[in-house]
Amino acid sequence: MHLYTTAKFRALQLSPQMFTLLRAPLRLPSRARPLTTVAQELARGVLPASNSPVCSTLQFFNSVTQGSGQIPTYRVLDGVGIPIEGAEIPDITPEFARRLYENMQLLPAMDSILYNVQRQGKISFYHGEEATIIGSAAALANDDEVLGQYREMGVLLWRGFGINAAMAQCFGNYEDKSGKGRQMPMHFGSPEHHFHTISSPLATQIPQAAGVGFALKRDPARRNKNVACVFFGEGAASEGDFHAGMLLASTIPTPTIFLARNNGFAISTPAHEQYHGDGIAARGPGYGVDTVRVDGNDVLAVFNAVKEARRRCLEGSRAVLVEAMTYRVGHHSTSDDSFAYRGRQEVENWKKIDNPTTRFRLFMESRGWWNEKEEEELKVKLRNDVVTTLKRAETLKQGDLRDLFTDVYGGEEPWNLREQREELARLVKKYGEVWEPWQKELKRFKDEGKKLVD
Amino acid sequence: MFITSPSSFRPLTRLSALRSRRWYSANTVEAPPASGHLTSVASSQLLRLTRETALRTPGLTWTDESDSDPVRSMVGGRETRKMNVYQAVRDALSIALAKDDTAVVFGEDVAFGGVFRCTMGLAEEFGRERVFNTPLTEQGIAGFGIGIASMGHTAIAEIQFADYIFPAFDQIVNEAAKYRYRAGGQFSIGGLTIRTPTMAVGHGGLYHSQSPEGFFVGASGLKIVIPRSPIQCKGLLLASVRDPNPVLFMEPKILYRSAGNSLPVEQVPIDDFALPLSRAEILIPGSDLTLLSWGTPIYHCEAAINILRSPPSALEPLIPASIRSAKIELIDLRTILPWDVETVVESVRKTRRLVVVHEAGYTGGVGGEVAAEVQKRAFLRLEAPVKRVTGWE
Ligand SMILES: Cc1ncc(C[n+]2csc(CCOP(=O)(O)OP(=O)(O)O)c2C)c(N)n1
Ligand SMILES: [Mg+2]
């Protein structure tokens, strides 16, 4: 369903100072100018070539807000779901709001159930970031290209990927189209849903997103219609690839939204050990990129901010940076016990004081769009759905053993891969029939190893 | 998708293709002088100096304008033009850009022509939207190219020197090479080609002389190609650009241009053609020893064969007369990954001896990989251990 053709939205305007905090003042002229122009500029008090104004005060600066302290955070709803003064509530229908809410609730439902099947390996959680993920998914067009880190399953679910497909990937069974069981859980991908396959190395998707935005801009069918949106954590933003990506999208203008999920932690490392400056947002103006910081636990604020980011992105065909402030309520992953580095009480407090789902539920209840009974029904339904899909996914076999060797190269299979595949086929033939551990192992694959040679 | 219906884009005209070819005769580009040079290359017998021999380059296939045209394998009616390596690169890029509207060329200093002049005039001809500078960020260039290619477009990136490819190592090894596999075949970045000047020039010092192909041979999913001459460069580059896999195309930079006008120049077919990837080429047939190399050292090997056959008088006492008549088989590997084991092993089975020559250092060099595979397949045929002649570490 295309958001903009079906839903009745009116254009939302954020206050301009929220968005453009500071634009890079340096604008290089395209070619050397004649000496007379240079002399004129010096007389006007501007440096030649850079246009930097000349001043007589020796002044250092360390803020992008020109002395007014920290970058503000844009918010629509307060902690108990009441619209804050002056905030613009997006013009959403009750149906749309319910859809937002149901998708937000689906994420923790999957979290808690998957948590109990740890044997499937590392699974990362969404708890605490429901509003950021679902709010931005809802603000994007369903065919905008998304490049994620690993906490963005909600975007796919919003787009209709389905929990069945998600489960298949987590279990690596033969229904896993994302990666044919080759990647760890949460490494989804689906061209049909315009969601590029997740890879484990952090931040690599950031410069790639600039390239995706560039391709969109060049494609006559998608120019001025679609954006690329890249998600990453505040930890990943410390990688060189973040710098590279921002730099490329700003110097080679492309419709790319950079969406930083600042959830306070990179595994155990708190954000204040990740950077000394004013978060990720402070970096945007350094690249000459329109930037906003938004309350990532406020789904309506995220929705408004990403929608406006998208509008700017398309209008100017330029990059936009959004920093969504959230809190990772869950552990980093199933192999992490976060109480080793933060207090249980701290987490409990967060859950109570600033719970993105509760905030939005209170808002919906105040409008008469939601009630206790529906809440109970939804929770039961989601739990059942997830449990049923999980039970099914658990029983399905892994894909063909043969697929260990496919998709490495397009075109002709090189000799080394062919020989290695044949080697495995020989071993399977030799030991697979007589050696019990191998017999058992082979049963786990759909082809039981039989398709290795053909 | 618009890629298959180019009509929505600027249609390709025969004129634009012709214009790109006329560029050489219109502006005679004087190669800036290079101080380092290989004296033997000028007189190499391996170069195809006439139209006739150029058009008979082994393995050459014409890539004609329309797919529905019958493949014209005859040589009549085909033109050639004298080109050195950087002009051949430029010619291949021009054809790639003219025939594929999704193709873009980018990298550091690419817009003005590139530090080795390989992209000269392309920005003027195809526009700054398609031929453009990037900021100084190798990891960014590789990542950006992967993003473009992931959308089905053709991305031709330049890393200014192979010595500076390491900031992009992660993007190439973890991302480009694994893009298809990790996506279960649902996404691919086959349209990505990364060109980079490699190997020594004689005055490049520690950081403008390296030959880092060996670092990438473990990156299954990636192809690595190193051409030796203008014809090879054009045909292999066009094949790389169109190959359904990411290709690291390493151009031996000493061969770009000549000192004076003596470095490798060939008559290069001006039409669109390809040379096969993953196929080695036997340059000189022989029966006593196989000499395997790629890139610049191909010419050192040729010189060595000549010296062995008729040593200069000063060297005569050092080269026993008994070995002077040895028939050496010289092979250019051309594609380093996945490499052509069949041609190499077949040759060694016949000659019973193998010497691998590369500029990169000994330890961890590609020669070790080749030696291991050859001894596995031709163990009983070998008369001597595989010898590696390489750069010193
Ligand atoms: C290049 C790289 N270094 C380290 C890791 C290991 N690692 C996985 S997740 C993670 C923390 C990432 O934190 P952040 O970017 O803030 O994302 P969050 O998990 O908070 O969503 C680390 C260090 C990795 N995957 N890739
Ligand atoms: Mg984080």
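We name chains A, B, ... by the order of the sequence lines, and we start the count at 1 in each one. All heavy atoms count here, side chains included; hydrogens, waters and symmetry mates do not.
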Between the CD atom in Q208(A) and the OG atom in S150(B), the distance rounded to the nearest 0.5 Å is 7.0 Å

Would you give the length of the straight line joining atom CZ of F187(B) to atom OG1 of T197(A), rounded to the nearest 0.5 angstrom?
5.0 Å

What part of N133(B) lies closer than 4.5 angstrom to a heavy atom of chain A: side chain, backbone, both or neither?
backbone

For Q139(B) against A244(A), the heavy-atom pair lying closest together:
CG-CB, 3.9 Å

Pair T134(B)-T251(A), side-chain contact (heavy atoms from CB on, under 4.5 Å): steps then yes or no
CA-CA 8 Å; T134(B) 62; T251(A) 56; over 6 Å; no

Indicate yes or no for a side-chain donor-acceptor contact from Q171(B) to the backbone of T204(A) under 3.5 Å, with no hydrogens or angles considered.
yes

Most heavy-atom pairs under 4.5 Å with chain A, out of E342(B), E138(B), R377(B), belong to R377(B)

Below 4.5 Å from any heavy atom of chain A, which atoms of S278(B) appear? Answer side chain, backbone, both or neither.
neither

Any side-chain heavy atom of F106(B) sitting closer than 4.5 Å to one from I252(A)?
no

Taking side chain as everything from C-beta outward and backbone as N, CA, C, O, which of these in I141(B) sits under 4.5 Å from a heavy atom of chain A? Side chain, backbone, both or neither.
backbone

Within 6.0 angstrom of E346(B) CD, more than 12 heavy atoms from elsewhere:
no

Give the minimum heavy-atom separation between R218(A) and T102(B), together with the two atoms involved.
NH1-O, 3.3 Å

Validation row: L247(A), T137(B) side chains within 4.5 angstrom (heavy atoms)
yes

Using a cut-off of 6.0 Å, state whether more than 12 heavy atoms not belonging to E413(A) lie near its atom CD.
yes

Nearest 0.5 Å please: distance from the CG atom of D219(A) over to the CG atom of D101(B).
11.5 Å

Can you see which heavy atom on E175(B) is nearest to which on S199(A), and at what distance?
OE2-OG, 2.7 Å

Select one option (side chain, backbone, both, neither) describing which atoms of E419(A) are under 4.5 Å from chain B's heavy atoms.
side chain

Who wins among R222(A), H243(A), K177(A) for the most heavy-atom pairs under 4.5 Å with chain B?
K177(A)

Contacting moiety of E373(B), where chain A heavy atoms sit under 4.5 Å:
side chain

Tell me, for F242(A) versus chain B, whether the close heavy atoms (under 4.5 Å) come from the side chain, the backbone, both or neither.
neither

Whatever's closer than 4.5 Å to a heavy atom in chain B on T406(A) counts as backbone

List the atom of G410(A), the atom of N245(B), and the distance in Å for their closest heavy-atom pair.
N-OD1, 2.6 Å

Does the side chain of F132(B) come within less than 4.5 Å of F214(A)'s, by heavy atoms?
yes

Proximal component of D403(A), with respect to chain B [non-hydrogen, under 4.5 Å]
backbone

Report which part of L222(B) has an atom under 4.5 Å of a heavy atom belonging to chain A: side chain, backbone, both, or neither.
backbone

Once the angle between the rings of W339(B) and W415(A) is folded into 0 to 90°, is it parallel (under 30°), tilted (30 to 60°) or perpendicular (over 60°)?
perpendicular

Of all heavy-atom pairs between L248(A) and P135(B), which one has the smallest distance, and what is that distance?
CD2-CD, 3.8 Å

When heavy-atom pairs shorter than 4.5 Å are enumerated against chain B, which of T254(A), L404(A), I198(A), L417(A) gives the highest number?
L404(A)

Can you tell which of G245(A), A249(A), G240(A) has the highest number of heavy-atom pairs within less than 4.5 Å of chain B?
G240(A)

For the side chain of Q186(B) and the backbone of P191(A), is there at least one donor-acceptor N/O pair under 3.5 Å apart?
no

Check whether any side-chain N or O of D407(A) sits under 3.5 Å from a backbone N or O of R180(B) as a donor-acceptor pair, and report yes or no.
no

Side chain, backbone, both or neither: which part of E192(A) has a non-hydrogen atom closer than 4.5 Å to chain B?
neither

Atom group of A210(A) that falls short of 4.5 Å from chain B, counting heavy atoms:
both

Verify the neighbour count for atom CD of E412(A): are there more than 12 heavy atoms of other residues, nucleotides or ligands below 6.0 Å?
no

Report which part of I206(A) has an atom under 4.5 Å of a heavy atom belonging to chain B: side chain, backbone, both, or neither.
neither

About how many Å separate OH of Y409(A) and NZ of K223(B), when rounded to the nearest 0.5 Å?
7.5 Å

Just jot down the side-chain contact (heavy atoms from CB on, under 4.5 Å) partners of A274(B), sequence neighbours excluded, or say none.
T61(B), T63(B), A239(B)

Considering all heavy atoms of both residues, which atom of V212(A) and which atom of G147(B) are nearest to each other, and what is their separation?
CG2-O, 3.5 Å

Name all pairs fulfilling the ring pair (Phe, Tyr, Trp, His ring centres under 6.0 Å) condition that reach into residues 163-184 of chain B, sequence neighbours left out, sorted by first residue then second.
F161(B)-Y164(B), Y164(B)-H208(B), F166(B)-F215(B), F169(B)-F216(B)

Spacing of NZ belonging to K178(B) relative to CZ belonging to R182(A), to within rounding of 0.5 Å:
13.0 Å

Taking side chain as C-beta onward, heavy atoms only, is L216(A) less than 4.5 Å from M151(B)?
yes

Minimum side-chain heavy-atom gap H187(A)-R182(B) below 4.5 Å
no

Nearest 0.5 angstrom please: K217(A) NZ to E129(B) CD, how far?
7.0 Å

